[in-house]
Number of protein chains: 2
Amino acid sequence: MASIRDVALHADVSVTTVSHAISGKRKVSEGVRQRVKTAMEELGYVPSRSAQSLAQGRTRILGLVVPDIGNGYFAELAKGVERTAIAQGYNTFLCTTGFDHARELSYLELVRSRAVDGIVYAAGAPPSGPELARVLGNLPTVLVDEEVPWAPLPTFISDNFEGGRAAATYLLELGHHQTMTVGGPEDLESSAQRIAGFTQAWRDGGGEQPVIASGGFTEKGGYDVVKAHLDLLQRKEVTCVFAANDLMALGILDALYDHRLTSPADISVIGFDDIGAARYARPHLTTIRQDVAALGSSATRAVIDIVEGRSENDARRNVRPVELIVRDSTAPLTT
Amino acid sequence: MASIRDVALHADVSVTTVSHAISGKRKVSEGVRQRVKTAMEELGYVPSRSAQSLAQGRTRILGLVVPDIGNGYFAELAKGVERTAIAQGYNTFLCTTGFDHARELSYLELVRSRAVDGIVYAAGAPPSGPELARVLGNLPTVLVDEEVPWAPLPTFISDNFEGGRAAATYLLELGHHQTMTVGGPEDLESSAQRIAGFTQAWRDGGGEQPVIASGGFTEKGGYDVVKAHLDLLQRKEVTCVFAANDLMALGILDALYDHRLTSPADISVIGFDDIGAARYARPHLTTIRQDVAALGSSATRAVIDIVEGRSENDARRNVRPVELIVRDSTAPLTT
DNA sequence: TTGAAAGCGCTAACAA
DNA sequence: TTGTTAGCGCTTTCAA
């Protein structure tokens, strides 16, 4: 394998010149530039990333930490992150935690071994705050999808509160006034915000006190919520449901069907995220759409800006708007 | 940041000894081992991956090349790959090609810059054979999900032919005898095998000559196939459909619904893959399940074995069994 | 406009 | 059982 020395010898210049001819960090005369270029081509030379990393103290690798890449939401996020990283000359380590804090901490070895230049952290609630903070040190890190109150880091999230509000407003417009909210894990700020926004708008709009349930952000959780509140639904004491994510909404639709309730005729259901599967479900799921690819993109640009010293590691919250997507799982209240 | 020299000074031994105390590649007396361990802890030392990579000429990084991580199938695959890689001390670069051969070739810069030790290639039909082969050189590479006749590489695939056979057999058992097959892209061996297996078993079982359609492996492709053959379906000249992947099957279900045809009552539909969304769809999709996580796992173990010299880069085909998953989109023929 | 040489932080051959 | 030292292939300071 040709090294920079080979190129230098071949082009009859010093390695310094070859290095600069490649990087452009120093003026190199046109003639020499050409000679170097030719030599590189003839030898099929490509600089060694390992050597560059060691010499420069940076790897041009980003770590993307997600709980589960099989979850459509995080897959879309990964897409945005990876695409943006590549465009800026960075590669992306896929780090899936499986919601396992031990495994999560093990990834932090990447940090301590200086294998990554920065981290896009989208793994929900991180392990005990201080621990993570300590281990992260001052490695450029941005939070995506989930804010962590105690972590003074740049954060990229959707407007969860407004999304909740939009869902409530829409259901009220359809004439509903008895609802149920299905939240995710307790410690997730995103879920809390969605439910809070929904509840506020619901009350402001004159809806009755919502029934409150919790489904752990999983499909099964949503399914079980329906089973647990079947009587309410059957007696039409609840005519619409707001789920804090699509996975739960999908589980809810499933359970309704299995218990001979029809959506939207009997029960309107609205989710949050707009994952791919929301479009396959029957009825097609009405939901609050997050532009998650954009979220990933901005977050990635932000870490890279910090890595390359173009911006500070401040703790700004960057909030993206969400959008109500009306499909078939919601309908006007029929009495 | 502490380096190995700092540890050596602190423990009053040579760097060599520190190196060996860590790697275990050479006997180190217990006392010294302890001193080194203590020194490491006190200094918070973690070896630099960049330096190790340069010195050893290997990075302990694998490249995972997939067309689209947003596709549930590849997401599951990635899960298997990443998990297995981590377990063996390797990290995984996520490389999504978006089915774009230019982008795909750009990833090969990773190869030429010796940034990865091996490649798990799951990107469907690769760019013009020889080109890829040349660029890959002798970097350990395994193919997953799709075999490439001209590439003499270890290959990990599901038993596509048998899966097709199983689908046909099942539909025949249900009493169907008029069917339509919906294939993927022409150049994909996987699709061809599934259709071939189906067709063979169908004929052997006495079914009528199948209607042949093609849907490009996408949901929209499946949807459009239904639109194009609507009359056949409405006149019940086709009572069941075999789609070579779930995405198309989902599109088919969608189109049937939109055109007031009911599955399974009017038309039985069977897919292939068993992606997550197959379970959310209504009716729940009957399909041929691939154990894609296992596929990814074996493939990853195989590249690593080659990287670490435990096995040869032979061109063995490794074929995993598939399984018929009966859900709600198939039913006995009613006349 | 160019080059010499000192690292970057490890590993491993060779020596003791 | 341990140490000395020469790389690995770059980047970058300093000097010309």
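Letters A, B, ... are given to chains in the order of the sequence lines, protein chains preceding strands, and every chain is numbered from 1.
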Exam field: side chain A:Thr84 to backbone A:Gly80, donor-acceptor pair closer than 3.5 Å: yes
Upstream residue (5' side of DNA chain D) when A:Ile4 and B:Ser14 are each assigned their closest nucleotide: B:Ser14
Looking at A:Glu146 and A:Arg317, does any basic side-chain N land under 4.0 Å from a carboxylate oxygen? no
Have A:Thr17 and A:Ser14 got a donor and an acceptor in their side chains that come within less than 3.5 Å? yes
note: B:Arg5, atom CZ; C:dA6, atom C1'; distance rounded to Å ~ 14 Å
Quick one: does B:Asp117's side chain have a donor or acceptor within less than 3.5 Å of a partner on B:Arg60's backbone? yes
Under 4.0 angstrom between A:Ser3 side-chain N/O and D:dG9 OP1 or OP2: no
Report yes if at least one side-chain N or O of B:Ser48 is closer than 4.0 Å to OP1 or OP2 of C:dG9; otherwise report no. no
So salt bridge (Lys or Arg N to Asp or Glu O under 4.0 Å) across residues 5-24 of chain B, not counting sequence neighbours, yields none
Salt bridge or not for A:Glu82 and B:Arg103, using N-O below 4.0 Å? yes
Rounded distance in Å - CG (A:Leu54) to P (C:dC10): 9 Å
Euclidean distance, atom CZ of residue B:Arg49 to atom C1' of C:dC10 [Å, nearest integer]: 13 Å
Would the number of heavy atoms belonging to other residues, nucleotides or ligands and lying under 6.0 Å from CG of A:Asn138 be above 12? no
Look for any protein N or O under 3.5 Å of an N or O in nucleotides 12-16 of chain D and output each such pair with its distance, or none.
from, atom 1, to, atom 2, distance (Å)
D:dT12, OP2, A:Lys25, NZ, 3.1
D:dT12, O4, A:Thr16, OG1, 3.3

Let me spell it out: for each of B:Thr17 and B:Ala51, pick the nucleotide of DNA chain D with the closest heavy atom. Which residue's pick is nearer the 5' end? B:Thr17
Over how many whole Å does the gap from B:Arg58 atom CZ to D:dG9 atom P extend? 16 Å
Roughly, in whole Å, what's the span from CZ in A:Arg114 to C1' in C:dG9? 8 Å
Between atom CD1 in B:Ile22 and atom P in C:dG9, what is the gap in whole Å? 14 Å
Residues of residues 28-47 of chain A with any non-hydrogen atom less than 4.0 angstrom from an atom of DNA chain C: list those, numerically ordered, please. A:Val28, A:Ser29, A:Val32
Would one find a side-chain N or O of A:Gln52 under 4.0 angstrom from OP1 or OP2 of D:dG9? no
More than 12 heavy atoms of other residues, nucleotides or ligands under 6.0 Å from CD of B:Glu30: is that the case? yes
Side chains of B:Asp314 and B:Pro154: does their closest heavy-atom pair fall under 4.5 Å? yes
